[in-house]
Structure formats: C-alpha cells, structure tokens
Number of protein chains: 4
Amino acid sequence: MGASDGTPVAAGRGKRMPRAVREQQMMDAAVQTFARLGYRAASMDQIAELAGVSKPLVYLYLNSKDELFTACIRREASALVAAVQAGIEPGLPADRQLWDGLTAFFRHTAENPDGWSVLHSQARTHGEPFAAEVAAMRAEITAFVNHLIGDAAREARCDPHLADREVAGLAQALVGAAESLAAWANDTPGVSAKEAAATLMNFAWAGLENLMKGDRWSPSAAATSSAGKSR
Amino acid sequence: MGASDGTPVAAGRGKRMPRAVREQQMMDAAVQTFARLGYRAASMDQIAELAGVSKPLVYLYLNSKDELFTACIRREASALVAAVQAGIEPGLPADRQLWDGLTAFFRHTAENPDGWSVLHSQARTHGEPFAAEVAAMRAEITAFVNHLIGDAAREARCDPHLADREVAGLAQALVGAAESLAAWANDTPGVSAKEAAATLMNFAWAGLENLMKGDRWSPSAAATSSAGKSR
Amino acid sequence: MGASDGTPVAAGRGKRMPRAVREQQMMDAAVQTFARLGYRAASMDQIAELAGVSKPLVYLYLNSKDELFTACIRREASALVAAVQAGIEPGLPADRQLWDGLTAFFRHTAENPDGWSVLHSQARTHGEPFAAEVAAMRAEITAFVNHLIGDAAREARCDPHLADREVAGLAQALVGAAESLAAWANDTPGVSAKEAAATLMNFAWAGLENLMKGDRWSPSAAATSSAGKSR
Amino acid sequence: MGASDGTPVAAGRGKRMPRAVREQQMMDAAVQTFARLGYRAASMDQIAELAGVSKPLVYLYLNSKDELFTACIRREASALVAAVQAGIEPGLPADRQLWDGLTAFFRHTAENPDGWSVLHSQARTHGEPFAAEVAAMRAEITAFVNHLIGDAAREARCDPHLADREVAGLAQALVGAAESLAAWANDTPGVSAKEAAATLMNFAWAGLENLMKGDRWSPSAAATSSAGKSR
DNA sequence: GATGAATGAGAATTCATTCAT
DNA sequence: GATGAATGAATTCTCATTCAT
C-alpha cells in the first residue's frame, strides 16, 4: 500500500511507466494523504506531488477527487476482505474460522494503517456515496460472521434461540469490538495481532456459546446473579 | 440538541436574544451540521443560516471554526458522560451497573444522533486537537468499565486470572462494541436502547464471567471444543 | 495628548463625563491606535476599547471612522502649528526665529510621537481627503518658512538673487529635512530637540546665507571648486 | 513600471505567458495599486484585475499579499539604488558625485512615482517587516552620503570637526530634504530633476563646507549675526 | 447618555479542475 | 503521454456601522 512514511511513493519518479503502475502509485499517495489529513483537507496538489506526477495526470487517470477517493476505498476494502478470506480455511469449525479471520484482520490493519484509516475513519465521515462503499464491505464481513454463528448454532442444535436480528446485532458488536481493538492494538506498544485476536475471542466466544444454549443475561436477574456470585 | 431535521434550530428567529441562548442555538446548529457533513465540509455559512443568525455573530460569540467545533465536542461529551452517570447507581452489583450504563448510553446516543456522530465519527478524524478532546472522554468511560470488570473479578475471587492489560483490552472491546451497536441501533429502525443493551450484555457478560472463572478460549483447543459440541 | 503607552487613555472609566472630555479621550485613543497600526488596520473596536467607551458612543460623537481620522489630523495639526508659533517671537531676526521654530517643532514631535506619526506617516498615505488636511498644515508652515527666508533675503538686500520658486523649493527642502530629522531624533535614543535643531541650522543656514549672497553651487564648477579645496 | 494611468498593465491580456513575464506584470500592477491606495486598502482583487490575471494566479506566483508587497519593495528599492549608482562616477570629487547622485535620484523618482511612493510612503507605515526592507535601502544610501561627506572633510583636512552622529544627522537631513523635494518636484509642474538637484545642492553644499571648516551656527550668536547683517 | 445585540459587505486565501502545448 | 499556465467558486474571517433598549 505504499510507504507508510512521508517519502514519495513512486519508485522511479519522472520515468515513463505503464498506466497500471502509475495508477497504483497515485492511489498509494492518495490513501496516505487521505488517511492523514482527511478527505477534504487532502488536496490534489499534495497527492500529485507525493505520487511524483503532475496534477493533470491524476485527473487523466482518475477523473476527479471523488472518484479517486472511491477507488481508494474500493482497493483497500478489497484488500482487507481478501486478506481475511485468505486467512480462513472453510472446512474448519466455526470458532477456529472466527479466530483465523480475526487474526488476519488484525494483522492486515496493523500492516496497513493508512488503508484501514481510510476505510474506518475517513470513508464513513464524508457523506453517503463513500459510506455506502464501506457499508458494502462491512456487510460482506458481517454476513460471513452471521454465517459462522448460524453454523455454530446449527451444530449445537439451538436454532430457535437466536433471532435474525439478534445475530445481526451480535455481528455488529463483534465487528465494532474488533475495530476498537485494532486501534487499541495499533496504539499500545507491544500488543500483537494474535493477542488482540485472543482477547476478542475470550470476550466473545463464551458469550456466543451461552447464547446458543439459550442462556441469557437479564436485568431482573442481575441482583440475584450478582449476589450469588459475591456470596 | 435542537431539531434533528433540516429546519432552523432557533425558536425565535431574528429576535434579540440573550447571549447564552444564542450560543446554544449556534452550537445546536453546528452539531447538526458537523454531524452530517463533517468538519471540513460544514461551512460557517451553513451553520449560521441553520442557527438563524448572521455569520459575524457566530464569530463574535465562538471565535473561530476550530473553537466552535471544540465547544461542540466538549458540550456533547459532557452531556454523554453525564447521561451515563445519571443512569448508574454506584452501590449496585457490577453487571447491573454495566447494564444500566449501557442502557443510558444507548438511550442518549439514540436521542442525540448528531451529537454522537460528532463525538464518534467527526472529532476523531480531524487531527489531534479534536481527537484528544474525545479521547479524554473515552478514557473516562473506559476507566469506568475497567473498574467494573475489576470489581466483578474481585467479587468472583479470580484476581490471578485477569492481567491488567487483558482487562484494558476487554474494556476497549466492550466500549468499541457499544459504539458500534449505537450506530447500528440508530440506523436500524425499531431497535430500542434496551434491546441494544441486552444484545451487548448477552454477548459480553457471559464471556466476562467465563474469563473470570479462568476459562479461556485457545486456538489449539478449537478443533476439539468444536468437535465436542457437534458430537 | 494621551498616554503614549498601551494603557487606557481615559482617566475615570465608565464614569459619566461631559461630552467634550469624552471626545478628547476618544481622540487620544484614536491617535494612538492610528499611529501604531495605520488607518486601515486600526479598528473601531480597538479604539473604543482603548478609550474605555462602547463603540456606539464613538459613532454618536464622531460619526464615522473617516470623520474620526479627520478630526484627529485636524487636532494634531493645530496642536503642532500652535506649538511652533508659541516658540517664536515675531520681532526677532530670521535665523533666530527659524531656530526657535525648529526647536519647538522638534520638541513637540518628540513629545507627541503618535500625533506626529498620524500627520507625517498615516494621513499622507491614505488618499486625498486626508492628505489634503495635512497638506494645508504643511503649506502653512512652509509659507512661514518662505517668509522667513524672504525676510532674511530682504534684510541682506539680495532680492534679485532668489526667485520665488527657488525660495519655495528651499522651504520645501528645509521642512523635509526637519521632518526627516524629527523621525530620526525620535528613533535615535539620546538625541534632543536642541541637537536636532542645531544639526539642521548648521546644515541649512550657511547654505541659505551663501545663496542670499548670490553664491551658488553649479555642476560646471564642481571639478574646479573641489580641486581648489583639495589643493 | 507599467502604465502610470488606470489602464491594464499587461501587454497581451488573457494570453498564456511565461511565468517571469506574468510576475513582472503582477508586480507592476501591485506597485501601482499599493502606491495609490496604501497596503491595506489595496485589494488583491484590484491588483489581479489591473494585472489582467485571475487572483489565484497572483497567489500561485507570489504566495501572499505580504510577500507580494515585500517583493514590490525589494524590486523598487533595487531599481532606485541601481539608478543612483549608475548616475555616479566614483573617481570624481565629492560634490560632483553628490550632484550626480541627486540628479539621478530625482530623475528616477520622477519617472517612477508609484515605485517611489511605495518605498517612501507605504512601506514605512505598515509595520516592521516592511519598514525594515526600506530601512536597509535607506541605510545603503545614507552610508554612501556619509562617505561622501567624510571624503570631502578629509580632502579639506577637517576631520576633527564632525562627529559621527553629526554626520549621520546631516545625511538624514539631506535624504529627507531630497525626499521632500522629490515630492515637490513631482507635484509642481515644470520643475525638472536638475532644478531640484540644484536647489538641494545650493541649500546643502555651502552648509556642509562651512561645517567642515568648523563654522557653526549657534543660537547665542544669532541676534548678533543677524543684527550685523541687518545693519 | 450609553450599550449589548446584530449584520451587510468585503478581504485574503485555497482548491478542484481544465486547457494549450 | 505529460505538463506549465490559468481560473471559477468557495471558505474562513474581519470590520464599519446600526438598532432596540
């Protein structure tokens, strides 16, 4: 995804290069700039300079700032989804798949902080057209998690216990927790992707198992249950 | 926080009003505009118009776009923290406090979607000065959740089982999940604050209880555990 | 003419005062502000604050920024002319009158640097209406110097030697030299009004005396005269 | 320096031109506008229009109003110093050099009234950064005059008679007189650069010669000397 | 007499975007 | 294929000026 520091993204600047390569350089520069400054604050001038090309060339290849941003979002979203899918072996049990997927997710976001920032922070704060792009990717991931939970539930023969909407909420919570942990892992020195994934599995899997068994936490029982514990 | 639709925020427009009132109207308009367009895309013109005043008055009272944004963040952060605190009774057991806090949190964010958006989406994507403002609030909440988990762990006499960093990670995950669920609840019609809170408690509390008992999920055990279940 | 430092100009602030007094306070503040920031950069807000009154009051008394500036110019010009005239005794010989006038001039400008700055630097750089105001005063002074030179010439019976325009030019040069020296004296620590006046008299009077005797410097004679000197 | 009237400064408007040419056109327009309206009152819009280009182009080439003003000051200062230096032949006697320099000075200021106004009136009234720019040029000229006076004094073997500060004051007065005469010559129809120079030489040189001989005017002697003359 | 509240008009500056070469 | 030259349209911010009380 290009250098993560401030140096020019293009390898050989000023050279003639095939269009596809130039385009990638521009998008590398764009992702970096968007991630650090935000969509509005990033200027086409900066992006072109960082990419080592002239501004008109950026327009020639990518048409407009909007399209450039969209292209960045799509590229980064695809890369993320691909990385997660590559980490999973479909035949394995659900919890193992979840673990593998989370590990891949944390690894990828750690290695591509700018790309992740574009997806997580920037795309969602700049109006529908962009947010929709990310929502699509998120839906894909959420659907996969849905599946996983559903499979596990079926394995455990507890279909009736989980309504569709409940599953959707859980997936949402899981993804949110993962996103939050990704940021935390990136900001806290010494936290590895594996550790983040383990934390999340510990946090989530037992809850999911309980739910599948039909055990639910309920406010009315809180006093009792807690009292029981502290007894 | 003012009307959530596009109509002017001020009650009596064009009228002379005491400064304090006007200031609130301006901040209402600003929160709404920032939430929907983002910091950079929101123009002072739009904000002033929505507030029903002229631009110079906004500057007279709030000095600059930066300060206006900061003022909004502070106001919304205070309001959110206050709402959560108001929902909690300190003497109750930890899970009950968590439930109450989450319910209050989801209720407040549902009632103030724009304020929540400013805190969650906008403030964090527009540079350190603003992000720091929110980080402070988040730290406050995370610390509280930390406390709760720690208390519960102590009640359950499982001190050795949970390292400090593990607790911090869990709190982080919980808060992230809550934030994500808040957005989901806001966007999904018919999801109440209670339902969101219940989903999260179901998801989280069982996991936390297990952890406190020392049960951990581990990748090496995944195949077995899953196999056992499907047996 | 008001404090020369940055402290409020008005003695008793917030008090009820007769209109004439308030007006002077405002003009003191205005002169100070105009002198230091220039006409355009000085804002009515600053002036009002420095004067210790509210802005509308400034408008009530002095109508507009233009009129305020004009009033300042007039007041300072009158004060300067009055000071110079007060320093002169009409019966005395021309050189003595010139000396006395210059001394008074340098003393007044040293004591009223802001007033002098308004006249010398500001009024002349902000378009005709204001420049004309100062030009009138300058003409008055120049005319007086004209007179003095004329008188001296007549005393020395050298009427034929000095054309009217030549006298005008000399007066102009003298006044210009005086203005320049005033600025220099204000900026150079330790230069007194007397010293400035002496420098100028030394510089100017001998030349004037020579001229009145009919001695003129001419380019054609330059080589010779200089050669003669160094012989 | 471009047309001195109100018509556009650029020769070929709207055309594509090399950057260097456009820059000069912009600076021509800027000098004219600054001279007539003052720094603050001159708007970038006006300058751009007069230059026959769009405002963004002015910013692209000259960065800001401040830098544009500074660039104008530097250009005009250099041009003035160059013109004076070009008028002087170093080997000639001091009074001849002074005469030549003054003539060149008056000629240049007469031909570039706007440039002169920027240096003399505008730059000095708009804060340190700009005033310093002109002060540097003025120091250069003053140093040269200092030199001349010093040389003449040495030729006449009268070193002890003139203290450093006295020389500085004299140079100041001379330059002030010249500046004043330049304005007078510009405003009075039919006054040539030569006439202005002659007036100033007549005014100044005799005084300087006297001073070098040690003759000084003194107030105490005024009555007598004048009385003697009028006898 | 005196002021807090309010604004229309304009200023500097930036940016996405397009030609002509 | 690639770029120097150029701009229309905003955007943030300031200021002189006026009411209503």
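Letters A, B, ... mirror the listed sequences (proteins, then strands); counts begin at 1.
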With B:I47 as partner, the option from B:V53, B:D28, B:V31, B:T33 fulfilling side chain to side chain contact (heavy atoms under 4.5 Å, CB included) is B:T33
To the nearest angstrom, the CD-C1' distance between D:Q25 and F:dA6 comes to 13 Å
Judged by nearest nucleotide, the residue sitting upstream toward the 5' end of DNA chain F, D:R19 or B:S43, is D:R19
Partner of F:dA20 under the Watson-Crick or G-U wobble criteria, both distances under 3.5 Å, comes out as E:dT3
A:K65 atom NZ is separated from E:dT18 atom P, nearest whole Å, by 14 Å
Scanning both residues in full, the closest heavy-atom pair of D:M26 with D:A51 reads CA-CB, 3.9 Å
Do any side-chain nitrogens or oxygens of D:R16 fall under 4.0 Å of OP1 or OP2 in F:dA6?
no
Atom NZ of B:K55 and atom C1' of E:dG8 are separated, to the nearest Å, by 10 Å
Whole-Å distance, D:F69 CZ to E:dA12 P, equals 13 Å
From CE of C:M44 across to C1' of E:dA9 the rounded distance in Å is 17 Å
Describe, in one word, how the ring planes of B:F69 and B:Y39 are oriented to each other, choosing from parallel (under 30°), tilted (30 to 60°) and perpendicular (over 60°). parallel
(Q) By the 4.0 Å heavy-atom rule, please label C:A42 as base, sugar-phosphate, or nothing. (A) sugar-phosphate
Rounded to whole Å, the CG-P distance (B:L57 to F:dT14) equals 14 Å
Separation of E:dG4 atom P from C:L60 atom CG, nearest Å, is 15 Å
### Query
Got A:Q46 and A:S43 here, is their nearest side-chain heavy-atom distance under 4.5 Å?
yes
Output for pair (D:M27 CE, D:F34 CZ), nearest 0.5 Å, gives 10.0 Å
Atom CG of D:D45 and atom C1' of F:dA10 are separated, to the nearest Å, by 13 Å
N/O (side chain, C:Y59) to phosphate O (OP1/OP2, E:dA2) under 4.0 Å
no
Walking DNA chain E from its 5' end, the first of B:A20 and A:N63 to be reached, judged by nearest nucleotide, is B:A20
5'-most contact on DNA chain F (nearest-nucleotide basis), D:S54 vs B:R40, goes to D:S54
Of the candidates E:dA16, E:dA12, F:dC19, the side chain of C:P56 sits closest to F:dC19
